[in-house]
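Data first, discussion second: the structure below is written as structure tokens.
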Amino acid sequence: MQNIDLIISARWIVPVEPHEVVLHDHVVAVHAGRIVDVIPRAQARATYSAASQVELPDHALIPGLVNAHGHAAMSLLRGVADDLPLQHWLEQHIWPLEARFVDADFCRIGVNLAIAELLRGGVTCMNDMYFFTESTAQAAAGAGMRACVGMIVLDFPTRYAQNPDEYLRKGLALRDEYKGHPLITTSFAPHAPYTVSDEPLARIRTLADELDVPVHMHVHETAFEVAQSQQQYGQRPLSRLHHLGLVSTSLVAVHMTQLDDAEIEALALAKAHVVHCPESNLKLASGLCPVQKLLDAGVNVALGTDGAASNNDLDMFGEMRTAALIGKHTAGDASAVPASMALRMATLNGARALKLGAETGSVEVGKWADLCAVDLSGLEQQPLYDPISQIVYATSRDRVSEVWVAGKQLLRDRQLTTIDCRDLLAQVREAGDRIREAMPS
């Protein structure tokens with residue numbers, strides 16, 4: 001009999017890898033934060049003695065969801081400028097508010113708000129792009145959340161940095177500080193082709209190759225962006241990135257609503273990754289990513305929420321359902337982006353895009369025990385024939401009851417264990433009052 005830390009028993013386990021598999025009446029055995037076994041319940045009784053046991057008789061146990069693109073601190077700007085096109089939303093509302101209010105404390109509060117929302121929605125890993133990255137890393141580490149923190153770069157000054165050199169210097173210092181951390185990794189995060197010029201992009205390409213880290217970037221988000229690039233550079237943004245050497249297995253290209261067949265082929269050949277943010281794209285009328293075409297070409301497609309300022313929630317269950325539905329519409333094929341693929345996009349595909357596929361994203365032996373339990377006993381989930389379809393098409397995030405990151409339980413019976421929600425709400429309301437006072441009446 002082997003002594004271990006934790007056994008989680010569930011009616012269904014959906015490991016994601018192998019694909020489309022559902023295990024009935026199995027357990028996940030956890031020790032020192034990692035999965036050491038996934039075996040039938042009866043076999044586990046004869047094999048392991050656990051310090052803690054969790055019984056989930058009406059639940060599906062799935063990998064923790066991976067939100068592959070977001071701006072966590074922007075949760076404090078949720079709803080400030082709704083129903084506007086992207087450029088007007090950014091230039092006339094978001095950027096002026098950021099210039100006035102965004103500092104380390106703003107980001108600390110906003111990131112904690114986002115982490116609380118993400119954990120309650122089954123997300124165990126977030127990929128973030130924003131300012132004051134030190135606050136993001138500190139908040140995630142303090143809450144026990146896995147995070148890939150983007151080393152943001154822009155050509156223009158903000159309250160965080162004055163020029164590309166300063167952005168990179170601060171980002172690399174953060175990387176050095178968290179090197180080897182069990183929860184925090186980093187990526188380069190040049191904001192977009194239209195906000196970062198060739199010289200810093202070339203430097204990022206060199207550094208990314210040397211350090212083997214992702215390059216997380218908004219690309220081909222709107223038709224306006226593509227037309228602007230053609231006018232300024234004589235080529236589409238993705239072509240420009242290709243000539244700079246950035247279209248590679250390190251590229252995590254977010255949105256990609258404007259793609260032709262040749263660009264899809266180029267992404268596949270480079271083994272680049274795409275992050276689909278369906279609800280943000282719909283809300284901003286940016287366009288629709290051709291997800292099934294990308295998948296058919298062999299491109300790894302992940303799923304993200306974008307920030308709460310343009311979504312307006314951080315609900316990965318909603319994103320899975322929306323991705324599956326508009327994927328069918330875009331492809332003109334009801335079999336496109338099936339439920340099992342939507343779940344894979346929200347888990348393992350996201351982990352792989354962040355170079356974390358060996359560590360998280362599926363329920364496999366050797367990976368961190370990043371897990372999410374979904375209660376499928378509700379009236380709205382009955383009758384239940386296929387747990388995967390039910391999770392994607394008939395289940396909301398409020399059915400998430402338990403969440404673990406690296407074997408540590410961060411959500412227990414819908415209650416957060418590492419975040420004081422009462423104190424957080426007080427801080428959020430105070431920050432919201434300051435922002436509200438500055439908004440036009």
Side-chain angles (χ1 to χ4, degrees), residues 68-69 85-87 127 129 153 187-198 200-202 204-205 208-209 214-282 284-304 306 319 323 326-333 336-337 341-342 344-345 349-350 352-355:
H69 175 65
L86 176 63
Q87 293 307 129
N127 183 33
M129 175 196 288
V153 179
S187 69
F188 288 104
H191 172 261
Y194 59 89
T195 53
V196 187
S197 52
D198 285 358
L201 286 176
I204 287 168
R205 189 280 312 276
D209 290 347
V215 178
H216 171 203
M217 189 176 196
H218 303 96
V219 185
H220 284 220
E221 184 173 1
T222 64
F224 174 80
E225 172 196 339
V226 175
Q228 183 185 54
S229 178
Q230 288 175 312
Q231 182 178 10
Q232 183 175 357
Y233 296 101
Q235 56 188 330
R236 289 162 68 89
L238 196 64
S239 176
R240 177 173 158 236
L241 295 180
H242 179 75
H243 284 107
L244 290 167
L246 280 163
V247 181
S248 72
T249 189
S250 293
L251 179 64
V252 182
V254 183
H255 298 305
M256 301 296 265
T257 70
Q258 315 291 318
L259 288 173
D260 60 33
D261 290 345
E263 288 167 335
I264 292 172
E265 183 180 359
L267 291 166
L269 287 171
K271 295 183 172 16
H273 309 270
V274 168
V275 180
H276 180 34
C277 301
E279 295 189 0
S280 176
N281 293 156
L282 287 169
L284 294 170
S286 299
L288 298 176
C289 178
V291 171
Q292 192 59 49
K293 279 190 173 184
L294 288 161
L295 294 170
D296 289 344
V299 177
N300 181 59
V301 182
L303 201 58
D306 209 346
E319 300 295 335
I326 68 168
K328 300 173 193 308
H329 173 77
T330 304
D333 179 359
V337 194
M341 180 52 69
R344 193 177 185 89
M345 288 163 59
N349 285 11
R352 287 175 172 169
L354 305 182
K355 298 185 183 287

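- Looking at Asn300, its side chain does come within 3.5 Å of a backbone N or O of Asn349 through a donor-acceptor pair.
- Looking at every heavy atom in both residues, Pro278 comes nearest to Gly304 through CD-O, 4.2 Å.
- A 4.5 Å side-chain heavy-atom check between Val299 and Lys293 finds every atom pair outside the cut-off.
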Val226/His220 under side chain to side chain contact (heavy atoms under 4.5 Å, CB included): CA gap, chis, key distance, verdict: CA-CA 6 Å; Val226 175; His220 284 220; 4.0 Å; yes
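- Looking at every heavy atom in both residues, Ser187 comes nearest to His216 through OG-CB, 3.7 Å.
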Trace of the side chain to side chain contact (heavy atoms under 4.5 Å, CB included) decision for Leu259 with Leu267: CA-CA 10 Å; Leu259 288 173; Leu267 291 166; 4.3 Å; yes
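- From His243, atom NE2 reaches atom CG of Leu201 across 14.5 Å, with rounding to the nearest 0.5 Å.
- No side-chain donor-acceptor contact under 3.5 Å links Gln87 to the backbone of Glu225.
- At distances below 3.5 Å, at least one donor-acceptor pair connects side-chain atoms of His273 with backbone N or O atoms of Thr249.
- How far OG1 of Thr257 is from CG of Asn281: 6.0 Å, rounded to the nearest 0.5 Å.
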Intermediate values then yes/no, side chain to side chain contact (heavy atoms under 4.5 Å, CB included), Val219 and Leu238: CA-CA 7 Å; Val219 185; Leu238 196 64; 4.2 Å; yes
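- Residues Gly245 and Arg205 approach most closely at O-CG, 3.2 Å, considering heavy atoms.
- Once rounded to the nearest 0.5 Å, the distance linking CG of Leu246 with CG of Leu251 reads 7.0 Å.
- The two residues Leu241 and Pro193 have their closest heavy-atom pair at CD1-CG, 4.3 Å.
- Residue His242 qualifies as open at atom NE2: its count of foreign heavy atoms under 6.0 Å is 12 or below.
- The OG atom of Ser250 lies 13.5 Å from the CE atom of Met217; values are rounded to the nearest 0.5 Å.
- Ring orientation note: the planes of His218 and His69 are nearly perpendicular, at an angle over 60° on the 30°/60° scale.
- One N or O on the side chain of Ser229 and one on the backbone of Gln235 form a donor-acceptor pair closer than 3.5 Å.
- The shortest heavy-atom contact between Val337 and Ala323 is CG1-O, 3.8 Å.
- Met341 has its side chain out of reach of Val301: every pair of non-hydrogen atoms, C-beta onward, lies at least 4.5 Å apart.
- Here the straight-line distance linking atom CZ of Arg236 with atom CD of Glu263 works out to 4.0 Å at 0.5 Å rounding.
- Atoms NE2 and SG, from His255 and Cys277 in turn, are 5.0 Å apart once rounded to the nearest 0.5 Å.
- With a 4.5 Å cut-off on side-chain heavy atoms, Asp333 and Gln292 do not count as touching.
- The environment of Lys355 atom NZ is dense: over 12 non-hydrogen atoms of other residues, nucleotides or ligands sit within 6.0 angstrom.
- Of all the heavy atoms in Gly350 and Ala68, the pair that sits closest is CA-CB, 4.4 Å.
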Side chain to side chain contact (heavy atoms under 4.5 Å, CB included) assessment of Phe224 paired with Glu221: CA-CA 9 Å; Phe224 174 80; Glu221 184 173 1; over 6 Å; no
